[in-house]
Number of protein chains: 2
Amino acid sequence: MEHISARDRRVDDVEVRQMRYFIAVAEEKHFGRAAQRLHMAQPPLSQQIKALEEQLGTQLLVRTTRKVDLTAAGELLLARARLLLAEIEKLEQDVKLVGQGASGVLRVGVSGTATYRLMPIIVQAARKHMPGLRLSVQGEMLTPEMEIALEEQRVDVAVLRPPIRSNQLSLKFLEKDELVVALPEDHELASRGLLELADLADEPFIAYPLSSAVNAISTEACRQAGFSPRIVQETQETSTLLSFVAAGMGVALVPTARRMFALQGIVFRQLRNAPAVDLAVAWKTDNETALLKKFLDLFETPATTEGNQA
Amino acid sequence: MEHISARDRRVDDVEVRQMRYFIAVAEEKHFGRAAQRLHMAQPPLSQQIKALEEQLGTQLLVRTTRKVDLTAAGELLLARARLLLAEIEKLEQDVKLVGQGASGVLRVGVSGTATYRLMPIIVQAARKHMPGLRLSVQGEMLTPEMEIALEEQRVDVAVLRPPIRSNQLSLKFLEKDELVVALPEDHELASRGLLELADLADEPFIAYPLSSAVNAISTEACRQAGFSPRIVQETQETSTLLSFVAAGMGVALVPTARRMFALQGIVFRQLRNAPAVDLAVAWKTDNETALLKKFLDLFETPATTEGNQA
DNA sequence: GACGACTGATACTTTTTGGCTCTGAATCGA
DNA sequence: TCGATTCAGAGCCAAAAAGTATCAGTCGTC
């Protein structure tokens, strides 16, 4: 009957409080200031940090009476503890939400490319068919980030651009978006109707990050058109990207859906034989919660259809 | 000066201990059994769970005196708290590993004389005892180069030929290699067994660079034997040096260890009263990272001895 | 329908731990 | 060398956690 498990040990447990203390000291690089910031005296702070080091069997800080520095182990702890505390806070919020009567919380990661167009539709559909569901949406993410977040269960479902590498994930195809050219409105090509990719060979490009699916497909398409795009600026957020275009810094290839972003000073032009990028919804295959199943059903009747958008 | 931040609050902090307790109760669905499993009495467990519920402002468990059930919020907390605890445990492990120096990057400079013989043994030992360590090896370096590189912290540790000039460095002796004569196989001295250094007085020499330790010791030994070697070719890499010998351009003095370089057309002959060169490992004295310490420990059981390689 | 067994909560005590003040030791700058 | 600064240690107290004893429901059983 004895379920002795590593999870049940209680001695030498690193506590949340200690992580908070450590972060304060590591950020301030000063016990006194950290203590002040934590609204406590300096000696107990020193003691807690010392205890933490003993529990981990590892020196985290190098103290000279003059200054405090981080060891390599300390650097690692600092970075990871910050993430951990953020997750704990998120968890607290989510539990409170459910406690207050929400039927559940789904954490959704959304590709930068779908954050503004598709997501509002999904949120509306969810509100209609799953009242009580709270969506915790993180937008402007890249596919590799989302894959990791799904695997580590930091998000429950993601709207992303295939392909994916992980074999722990399932995919449901949503739609195919052609790439269009975003040009400054006074650009000479803006007067033309239909462009060839090759027309852009000498243009400076504003691009999504290297790791993004749109970038990968754009670059490959350019290569096939016989040139290698000269990227003058890289940016993750589409809104930023488009404002660079509007400022005349260069041209960009963005998914069709993006055209709705009618930014002052930008025109969109279609491409002949336009390359296309898929959009899909992904989840961890072994996540079989009813909540997720029901949410995925929202995509069955394509979310883009019918009268449920404003 | 007041850095008031949400991260610094300490009241109402959900603690790791509480999550452990909750998980135990949620899994057992029974306070008594959970308390037993946690090696504690039942009342304090009830209190902690109650406190947790108050901190979250949310009911987590439905208690009938007959059984305990999870609310939706409780289910959520259970699932996510398990993940969180796993992450914390992983973090503890990783911090310990880094603290013990088991992972990280070390930049190693290696004397030309040891690049091929000693280094592979060291790399193997490191792979075995310090998994996660990445070695960035630069081979075929000379002692003065390595001294400077160590001082400027462009490398962390070096395998070199003493003596060294710098007083910022520490040394650990590794082994002593006698110098032997490398001769073209058709050389008249190749027929003799044991040579005197003086026999070489009129021979053309292929030598290591002036700044190398082997060259310094060779030249000094020749001087004591009553002649000054006539150097016809200078080269840094041993493989190149030996191929000059094979080509009949001259003779050379190389450390014993080098004989394994069985190049076609070369014979090695021992010297009476052979001069010897030391091999040592050196590091910057004030570099006290755990990573380096652990790496240096690899040399304690001399890396040249057998037994510890696969 | 009453009693006993079981289960979680409550009241109270003991133990442990975290925090505070005061002080000391080491280092840096003047 | 002296003062200022900074982190650590000692001793004390308060708060929190854990323990003991007990109570109050609920369910099953006779």
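Letters A, B, ... mirror the listed sequences (proteins, then strands); counts begin at 1.
To the nearest angstrom, P of dC20(C) lies 10 Å from CG of Leu38(A). Taking atom CD on Gln55(A) and atom C1' on dT17(C), their separation rounds to 12 Å, with Å as the unit. One interatomic measurement links the two molecules: CD of Glu54(B) to P of dA9(C), which rounds to 12 Å at whole-angstrom precision. At whole-Å resolution of the value, CD1 in Ile49(B) and P in dA18(D) are 11 Å apart. Gln36(B) has its CD atom 14 Å from the P atom of dC6(C), to the nearest Å. If you measure from atom CD of Gln42(A) to atom P of dT21(C), you get 12 Å, rounded to the nearest angstrom. Taking atom CG of Leu60(B) as the reference point, atom P of dG8(C) lies 16 Å away to the nearest angstrom. Straight-line distance from the CD atom of Gln59(B) to the C1' atom of dG8(C): 14 Å, rounded to whole Å.
In this structure, the side chain to side chain donor-acceptor pair (under 3.5 Å) partners of Ser46(B), at least two apart in sequence or on a different chain, are Gln42(B).
Salt-bridge formation is not detected for the pair Arg134(A)/Asp94(A): no Lys NZ or Arg NE/NH1/NH2 atom is positioned less than 4.0 Å from an Asp or Glu carboxylate oxygen. A salt bridge links Arg82(B) and Glu27(B); the closest N-O separation between the charged side-chain nitrogens and carboxylate oxygens is under 4.0 Å. For the pair Glu152(B) and Arg154(B), the salt-bridge criterion is met [side-chain N within less than 4.0 Å of a carboxylate O].
Toward the 5′ end of DNA chain C lies the nearest nucleotide of Lys67(B), the other residue of the pair Lys67(B) and Leu45(A) mapping further downstream. Remark on DNA chain D: of its neighbouring residues Lys29(A) and Ala41(B), the 5'-side contact belongs to Lys29(A), judged by nearest-heavy-atom nucleotide.
An OP1 or OP2 oxygen of dC6(C) is reached within less than 4.0 angstrom by no side-chain nitrogen or oxygen of His30(B). Regarding contacts with the backbone of dA9(C), a side-chain N or O of Ser46(B) is found under 4.0 angstrom from either OP1 or OP2. Taking only side-chain nitrogens and oxygens, Lys50(A) comes nearer than 4.0 Å to OP1 or OP2 of dG9(D).
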Check nucleotides 26-28 of chain D for protein N or O atoms closer than 3.5 Å to its own N or O atoms and list the pairs.
residue, atom, partner, partner atom, Å
dT26(D), O4', Thr65(B), OG1, 2.7

Would you tabulate the nitrogen or oxygen pairs shorter than 3.5 Å linking the protein to nucleotides 11-17 of chain D?
residue, atom, partner, partner atom, Å
dA17(D), OP1, Arg17(B), NH2, 3.3
dA17(D), OP2, Gln48(B), NE2, 3.4
dA17(D), O5', Gln48(B), NE2, 3.3

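In this structure, Gln138(A) contributes its side chain and Gly109(A) its backbone to no donor-acceptor pair below 3.5 Å. No donor-acceptor pair under 3.5 Å is formed between the side chain of Arg80(B) and the backbone N or O of Gln153(A). Here the side chain of Glu175(B) pairs no donor or acceptor atom with the backbone of Leu279(B) at under 3.5 angstrom. Panel note: side chain Thr71(B), backbone Leu60(B); a donor-acceptor pair is recorded below 3.5 Å.
Of the inter-residue distances, the one linking Gln124(B) atom CD with Ile122(B) atom CD1 reads 11.5 Å to the nearest 0.5 angstrom.
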